[in-house]
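Worksheet: the structure to be examined is printed underneath.
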Amino acid sequence: MSRSLLVISRQAPWSGPSAREALDVVLAGGAFDLPIGLLFLDDGVFQLAPAQNAKAVQQKDVTANLQALSLFGIDEVFACSHSLAERGLSAPDSAQPLSSEQISQMIDRYDQVMTL
Amino acid sequence: MKFAIALFSAAHAPSSRRALLFAQAALAGGHEIVRLFFYQDGVYSAANSVVTPQDEQDIAQQWRALVSEHQLDGVVCIAAALRRGVLNAEEAARYQRNAVNLDAPWALSGLGQLHDAIQDADRLICFGGP
């Protein structure tokens, strides 16, 4: 059986290539049909903010790539409730909000964890 | 134990040195390193253009020596490397750039190599940040 991987994405979409590169790891895993989870934590939850205007900071929009997740078979997408609340963001449709306790349990469930 | 090691920081970052010490200790302890995968700013840890002051540790050179000596599978992510201007001769020719700052024992390859290593290893150990 394939080993599962949880990718924890902690950077805002405008803070450099990290958000995109975390997503690339997830999509590559999905392309290989591997069991991959994605958790948005800390500033990573900004990737889920609605009505982003990436062009205004001369960036490419990562939102389109996020929508590709389900096409790549990535269904386990989570967001830290605490991180969302701290930043005044409401729970997004595209990610399941989890409490800190639920996050601890979920990290235990995965074979490997990578934080970017 | 079989380790896959992922590095996300440049040679001047303490985390690159920590990753190197971990790799050396793992090998000294009789463990196997199935692959080193350098991603994000980790691609700079493989660059041969790093010049370190004489009284400081040359971590990029030590990485190179470790990979050569133990014939490790040292993979640098090609997409992350191109974005950051870390190019081997082939990529420099492809994109018509003058500088070549990556060579053997490092190989440029894709994220599939990371996932492959994760599947093969008992543990994935990641190093990043400061």
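We use all heavy atoms of the structure for the numbers below, so side chains are in, but hydrogens, waters and symmetry mates are not. Every chain is numbered from 1 and lettered A, B, ... according to where its sequence line falls, protein lines coming before strand lines.
Note: the hydrophobic cluster containing B:Leu36 does not contain B:Leu114 (ILVMFWY, side chain heavy atoms under 4.5 Å, direct or indirect links). In the hydrophobic clustering of ILVMFWY residues, with side-chain heavy atoms under 4.5 Å counting as a link, B:Phe8 and B:Ile125 come out apart.
No more than 12 heavy-atom neighbours from other residues, nucleotides or ligands sit within 6.0 angstrom of CZ on A:Arg10. Counting heavy-atom neighbours within 6.0 Å of A:His82 NE2, excluding the residue itself, gives a total of 12 or less. For A:Asp108, the CG atom sits in a packed shell: over 12 heavy atoms of surrounding residues, nucleotides or ligands are nearer than 6.0 Å. Within 6.0 Å of atom CD in B:Gln57, 12 or fewer heavy atoms from other residues, nucleotides or ligands are found, so the atom counts as exposed in its surroundings. The neighbour count for A:Arg87 CZ, taken as heavy atoms of other residues, nucleotides or ligands under 6.0 Å away, is above 12. In B:Arg84, the CZ atom is crowded: over 12 heavy atoms of neighbouring residues, nucleotides or ligands sit closer than 6.0 Å.
In this structure, chain B has a heavy atom under 4.5 Å from the side chain of A:Ile36, while its backbone stays farther away. Within the 4.5 angstrom heavy-atom criterion, atoms from both the backbone and the side chain of A:Asp24 approach chain B. For A:Thr115, the part lying under 4.5 angstrom from a heavy atom of chain B is the backbone only. When heavy atoms are compared at a cutoff of 4.5 Å, B:Asp122 approaches chain A by way of both its backbone and its side chain. For B:Leu124, the parts sitting under 4.5 Å from any heavy atom of chain A are the backbone and the side chain alike. In this structure, no portion of B:Ala4 lies under 4.5 Å from any heavy atom of chain A.
Closest of all the heavy-atom pairs between A:Glu21 and B:Tyr39 is O-OH, 2.6 Å. Of all the heavy atoms in B:Leu111 and A:Ala28, the pair that sits closest is CB-CB, 3.8 Å. Nearest approach of B:Asp120 to A:Arg3, heavy atoms of both residues: O-NH2, 4.4 Å. The two atoms that bring A:Val25 and B:His115 nearest to each other are O-NE2, 2.7 Å, heavy atoms only.
Going from atom CG of B:Asp41 over to atom OG of A:Ser18 covers 9.0 Å, rounded to the nearest 0.5 Å.
The side-chain heavy atoms of A:Pro17 and B:Gln40, taken from C-beta on, include no pair separated by under 4.5 Å.
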